[in-house]
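Hydrogens, waters and symmetry mates are skipped; everything else that's a heavy atom, side chains included, is used. A, B, ... follow the sequence lines: proteins, then strands. Residue 1 opens every chain.
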Amino acid sequence: MMYNFNEIEAKWQKYWAEQQTFKAENNSTKPKYYVLDMFPYPSGAGLHVGHPLGYIASDIYARFKRHKGFNVLHPQGYDSFGLPAEQYAIQTGQHPAITTEANIKTYRRQLDQMGFSFDWSREVRTSSPDYYKWTQWIFIQLFNSWYNNSSNKAESIDTLVDVFSKEGNSNVDAVCDAAIPVFSADEWNSFPSDRQQQLLLQYRLTYLAETEVNWCPELGTVLANDEIVNGVSERGGYPVIRKKMTQWSMRISAYAERLLQGLDTIDWTDALKESQRNWIGKSVGATVVFDLIDHDSTIEVFTTRPDTIFGVSFMTLAPEHELVHQITTPAQKSLVDAYVLATAKRSERERMADVKTISGVFTGAYAEHPFTKKAVPVWIGDYVLAGYGTGAVMAVPCGDQRDYDFAKHFNIEIPNIFEGIDISNEAFTDKGTTIIANSDFLNGLEYKEASKRAIEALEAKNHGLGKINYRLRDAVFSRQRYWGEPFPVYYINGLPQMIAAEHLPICLPEVEKYLPTEEGEPPLGRAEVWAWDTTLNTVVENHKIDHKTIFPLELNTMPGWAGSSWYFNRYMDPHNTTEFASSEALNYWKEVDLYIGGSEHATGHLLYARFWQKFLFDLGVVPVDEFAKKLINQGMILGNSAFVYRVNLKIINKSKIDIDDKGNQRYPLDALEEVTVRSNVFASNKFLESITKNSISTSNSVFTAQNLEISEVLMRAFKIDDKGIGLVKDHSHLLWISYDPIRIDVNNVDASDRIIDFKKLQSWKEFDNANFLDDQGVLIKEGGEFTTGREVEKMSKSKYNVVNPDDIISDYGADSLRLYEMFLGPLEQYKPWNTSGITGVHNFLKKLWKLYIGQDGLKVTEAEPSKDHLKTLHKTIKKVTEDIENFSFNTSVSTFMIAVNELTAQGCTSKTILEPLLVLIAPYAPHIAEELWEQLGHIESITTAEFPEFDASHLVESVKAYPISFNGKMRFTLELPLDLSKEEIEAAVMRNEKTLAQLEGRVPKKVIVVPGKIVNIVG
RNA sequence: GCUGAAGUGGUGGAAUUGGUAGACACGUUGGACUUAAAAUCCAAUGUCCUUUGGGACGUACGGGUUCAAGUCCCGUCUUCAGUACCA
């Protein structure tokens, strides 16, 4: 009987599905354990071998925990709202729900054939109305809440209204819009309702505000900061500009401190916590108020160095600062206006790219130093950002490098307030223990004490306050897209109204096109049926809007992170129609015990989800305020991309040519001159012998990496054949050349097999000397200036480096794929995929099979196990148990290989050994384990078997092969009984003839004996 | 620049509290089986020297601690990831 993996895997996948083997119960006497994967976005491309890495790890852990007697919740679902489905809909007119459904089918098929132990009865989809009903519900709760700094939690907006009507807002310590005026109870009660609503909006945890947003014209939507990478959109790489729009925002800034503190209570990786800390960006300092001379207004600045206040010699405002126009003197007006205009024109990206140029303009205005009363000139400069702090700084050139550079550039005074520090070349930015000087009452103090005193003095003069600032901005929550959650919001007089929870969900309306309207409204503006009837409490046709009982609905939709910010709670009770999850379910499962996913979500999903969880906790609807106890980031599996390079060579001084011992000419490093290699350089050789990324050899010369300026990427190759010839795939009739797409004449391209024949590209000159292939792709002539090579990078369809798990599974089986992905290396590490290595684990499975099944069937007997058998088994149990608990899955695969190799060599057939061995392997290779388990005569699934217990007594040794070292170098081993004393070991070693041979008559100075470990002879 | 992680054979990677560096695989080479190929099995495989026995050198680089360092300490370099005029 052969190991027929395809048959076995199909059989057991069917069995698990039919028996609902992995269904988790919400009631159990067993302890609970919740293992969660970050749910996938079902893209059209399907899964590649990199995707399941984390799923395999979590699956092994989930299966292990089941064997260990836990009630395991291991669900899976889909983050199924999102841009790609919508982009596809725009191109094809296909409804995103239909393509999403089709993609989910593919994902499900691919996930099923991996043998994952997901409880599919709990599947969630963020795009399903049953699910997004509750996303909308959470939105309403956020709208109905404000953040009370005194109680340090979110509270119902009703409590705020109550306070306002009794005592106004002067005593309220809330996280809210900074521009709210102070009002009394009488004033509040006299405000018209619209005015009250407008004021309340500025306290709510989700609010409408005109904000400057990141607008992506190509995508037609706003993006959150974490959706922008290097100034372009994360998806698609389109440019992003700043634009003012009225948008929904989430007041995540209210939770900044708690999000920061909470990090100390959870077991997440340090790298991930650190990036969240940076993103939150807490800085402790003070705000300082400077009075303007000859003006009523004041300038407020934020500083982390109040101790350096006597070093202030000017102030700088961001060009966008609202005071700029008020305070600029007539004499400076034209210069200032020109500068403001110029900075407004520069994109964010240009400003980021260009940090060296120092620019700025004097406004003509002066502020008064709060202590010295000296006049301080007020400048504007684009090194000050409008969006951080107050958009203004007090410049201390001796203590801040940017202020220093600015002062030097514009010849502004640089007073030194540090004792014994030379500031003639650069600013002194260390906080350390330097003594402050020339600073009145701060003289002689160090940073810490001086800061404290300065803040006290400022507060006493009412000229400032100790303050903590956070970089974390409120998150924009509106997207001008179709394929997202609709808001449960309609508008009366431009003021947002929530639809009552009992009328949810508000389902996405049908539209005939997925583009913005001609008037620039979001796609929902195209819906015929998109108005709210407040008497019938239902969605009705637009044309009925009368602004009396029927009102317009919100046209924006929610961003991608809305649905993913709470899904882990839904899995606990996914079919509940009256609550997002019952309190029984929430209190039973509480939080995710182990969460596995990619580190790219560090400052997006993982921060927003923590925020919502804390809010839901404040609301009293979830029992814990951190949703995931432990989190592991799986590393990415990288692809092997093929490239065609153009080789450039620089030769400087031909008189320096070397001849090496093989007679090759060699150009030394310092002999380089700028010459781009053309084939005529090699005219005498006609053809190159070899070109690699690092060297070129011709029949009589070798050019090495130092004098090659290679690796100008010419194009991405579809693959490289075994002759090293790159085949360039024509995907969308574009070839990528020198980073620029150059359109190739499609008529000259053999599009049928999508492999470009170089011969047909002769119209393009650069290819005249390329490697030519015939119609079968076989090399017929080797050219000169091109070479092919491989580089490791992220797996992606567009890089032609994707390996499809379907192919691996049909060739080797899911168990092989699972084992191999684990065997590749540590879970958290980035590692390249290499298909050829899979034969190793596949052979292992075959050997495992042969250990149980021979040509005549089952080999397993009731024979008593030998000591060696037991030793092999128990050292395997020990190692594998430790490995799983440490998430070191790669080493347990090696341990299995060693165990099977040893047991095979020992000829072990004993059931006492082979039965527990299967349970050890079952989490990793569940199909083969189930099959052999059944062959051993079991009726119940192996998943119900208990994990074997390690028994140390089987590993007790009586002898040890001691490594005998001389001066720390191991020379030979000597087998000695373990119960010898130090002295006995030393005596045994010293009388050994090998020792005597090593010593050659010398007398050792010292002999170190560590019983059970090593002997080292020094001499 | 800052923060975090990491540098070990041709490759992926192993190495408890400092105690036999290179486990386990891949690849390569040689051999067996076969008409042949595939599959399978066996052997060798860090580098260099050596007739064998064996020896020298080896965990990015330079120092140090120690009987003993991939592991600990100091300094340097490189790579990857994140972040960036954050006052």
Side-chain angles (χ1 to χ4, degrees), chain A residues 229-230 269-279 281-283 285-286 288 301-305 308 315-316 318 351-352 354-358 381-385 387-396 399-403 405-406 429 469-472 599-600 602-603 633 635-636 638 792 819-820 823-826 828-844 846-847 850 879 882 888 890-899 901 961-973 997 1004-1010 1012-1019:
Chain A
V229 178
N230 297 327
T269 61
D270 288 338
L272 201 141
K273 288 187 186 181
E274 199 54 34
S275 58
Q276 289 212 348
R277 283 192 193 104
N278 290 338
W279 196 259
K282 179 179 185 174
S283 44
V288 184
V301 301
F302 175 74
T303 178
T304 54
R305 296 294 303 272
T308 64
M315 304 187 69
T316 316
R351 252 169 101 166
M352 261 165 59
D354 175 28
V355 296
K356 296 228 162 57
T357 317
I358 295 163
D382 69 359
Y383 79 96
V384 177
L385 303 178
Y388 183 76
T390 60
V393 300
M394 58 174 223
V396 183
D400 183 288
Q401 195 57 43
R402 290 154 306 168
D403 295 344
D405 295 340
F406 195 87
T429 54
N469 219 7
Y470 299 92
R471 195 176 76 105
L472 185 67
S599 57
E600 66 273 19
T603 53
N633 293 127
M636 206 179 279
L638 304 169
V792 166
L819 279 175
Y820 186 53
F823 189 60
L824 272 177
E828 284 158 282
Q829 200 165 300
Y830 280 58
K831 48 211 174 266
W833 176 266
N834 174 12
T835 302
S836 65
I838 202 168
T839 54
V841 290
H842 188 64
N843 281 342
F844 157 72
K846 284 200 237 172
K847 278 188 217 162
K850 280 192 211 158
K879 179 84 172 111
E882 285 167 1
S888 175
N890 55 325
T891 48
S892 28
V893 178
S894 334
T895 306
F896 293 138
M897 290 174 172
I898 293 166
N901 287 344
Y962 277 94
I964 311 300
S965 312
F966 292 80
N967 295 320
K969 289 194 177 95
M970 205 282 286
R971 288 292 126 130
F972 59 90
T973 57
K1005 283 197 198 117
K1006 202 170 169 189
V1007 178
I1008 311 277
V1009 177
V1010 185
K1013 291 254 182 198
I1014 198 167
V1015 175
N1016 190 15
I1017 296 162
V1018 186

Where is the tightest heavy-atom contact between [X] and [Y], given as atom of each residue plus distance?
{"X": "K1006(A)", "Y": "I1008(A)", "answer": "CE-CD1, 4.0 Å"}
{"X": "S283(A)", "Y": "T304(A)", "answer": "CB-CG2, 3.8 Å"}
{"X": "L272(A)", "Y": "A602(A)", "answer": "CG-CB, 4.1 Å"}
{"X": "T390(A)", "Y": "V301(A)", "answer": "OG1-CA, 3.3 Å"}
{"X": "M897(A)", "Y": "G840(A)", "answer": "CE-O, 4.1 Å"}

Which pairs, protein N/O on one side and nucleotides 40-48 of chain B N/O on the other, fall under 3.5 Å?
residue	atom	partner	partner atom	Å
rU40(B)	OP1	N843(A)	OD1	2.8

Measuring to OP1 and OP2 of [N], would you say a side-chain N or O of [X] lies under 4.0 angstrom away?
{"X": "R277(A)", "N": "rU83(B)", "answer": "no"}
{"X": "S283(A)", "N": "rA87(B)", "answer": "yes"}
{"X": "N901(A)", "N": "rA25(B)", "answer": "yes"}
{"X": "N890(A)", "N": "rC24(B)", "answer": "no"}

Could you state the atom-to-atom distance from [atom1] of [X] to [atom2] of [N] in whole Å?
{"X": "N633(A)", "N": "rG82(B)", "atom1": "CG", "atom2": "P", "result": "13 Å"}
{"X": "F844(A)", "N": "rC26(B)", "atom1": "CZ", "atom2": "P", "result": "13 Å"}
{"X": "F966(A)", "N": "rA68(B)", "atom1": "CZ", "atom2": "P", "result": "15 Å"}
{"X": "K1013(A)", "N": "rG19(B)", "atom1": "NZ", "atom2": "P", "result": "7 Å"}
{"X": "Q276(A)", "N": "rG4(B)", "atom1": "CD", "atom2": "P", "result": "16 Å"}
{"X": "E882(A)", "N": "rU16(B)", "atom1": "CD", "atom2": "P", "result": "11 Å"}
{"X": "I898(A)", "N": "rA15(B)", "atom1": "CD1", "atom2": "P", "result": "11 Å"}
{"X": "D270(A)", "N": "rG4(B)", "atom1": "CG", "atom2": "P", "result": "9 Å"}

Using atom [atom1] of each nucleotide, how far apart are [N] and [M] to the nearest Å?
{"N": "rA69(B)", "M": "rG63(B)", "atom1": "P", "result": "15 Å"}
{"N": "rC85(B)", "M": "rC80(B)", "atom1": "C1'", "result": "25 Å"}
{"N": "rU47(B)", "M": "rG58(B)", "atom1": "C1'", "result": "8 Å"}
{"N": "rG10(B)", "M": "rA5(B)", "atom1": "C1'", "result": "26 Å"}
{"N": "rU28(B)", "M": "rG22(B)", "atom1": "P", "result": "24 Å"}
{"N": "rA15(B)", "M": "rC67(B)", "atom1": "P", "result": "28 Å"}

Dot-bracket encoding of pairs in RNA chain B, which uses [ ] for pseudoknotted crossings and | for another strand, Watson-Crick or G-U under 3.5 angstrom: (((((((..(((......[....)))((((((.......))))))((((....))))..(((((..]....))))))))))))....

Holding to ring pair (Phe, Tyr, Trp, His ring centres under 6.0 Å), I want the full list of residues that pass it with Y962(A), two or more places apart in sequence or in another chain.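 Ring pair (Phe, Tyr, Trp, His ring centres under 6.0 Å) list for Y962(A), sorted by chain: empty.
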
Test of understanding: with ring pair (Phe, Tyr, Trp, His ring centres under 6.0 Å), list the residues that count as partners of Y820(A), not counting sequence neighbours.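 Here the qualifying residues are W833(A).
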
Between F302(A) and Y388(A), what is the ring plane arrangement, given parallel below 30°, perpendicular above 60°, and tilted in between? perpendicular

Check nucleotides 9-12 of chain B for protein N or O atoms closer than 3.5 Å to its own N or O atoms and list the pairs.
residue	atom	partner	partner atom	Å
rG12(B)	O2'	L824(A)	O	2.6

Once you apply a heavy-atom cut-off of 4.0 Å, does D403(A) come out as touching a base, just sugar-phosphate, or nothing?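 Result for D403(A) = nothing.
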
Name the nucleic acid region contacted by V1018(A), choosing base, sugar-phosphate or nothing; use a 4.0 angstrom heavy-atom cut-off, strictly under.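 Since only primed, P, OP1 and OP2 atoms lie under 4.0 Å of V1018(A), the category is sugar-phosphate.
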
Tell me if rG9(B) is syn or anti. Syn = glycosidic torsion within 90° of 0, anti otherwise.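 Nucleotide rG9(B) adopts syn.
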
Answer yes or no: is there an ion pair linking K879(A) with E882(A), defined by an N-O contact shorter than 4.0 Å? no

Take V841(A) and M394(A), find for each the nucleotide of RNA chain B with the closest heavy atom, and name the residue whose nucleotide sits nearer the 5' end.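 Taking each residue's closest nucleotide, the earlier one in sequence belongs to V841(A).
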
Comparing Y388(A) and M970(A) on RNA chain B - which has the more 5′ nearest nucleotide: M970(A)

Would you find a donor on one side and an acceptor on the other, under 3.5 Å apart, between the side chain of D403(A) and the backbone of V396(A)? yes

List, with names and distances, any nitrogen or oxygen atoms from the protein found under 3.5 Å away from nitrogen or oxygen atoms belonging to nucleotides 52-59 of chain B.
residue	atom	partner	partner atom	Å
rA56(B)	OP2	R971(A)	NH2	3.4

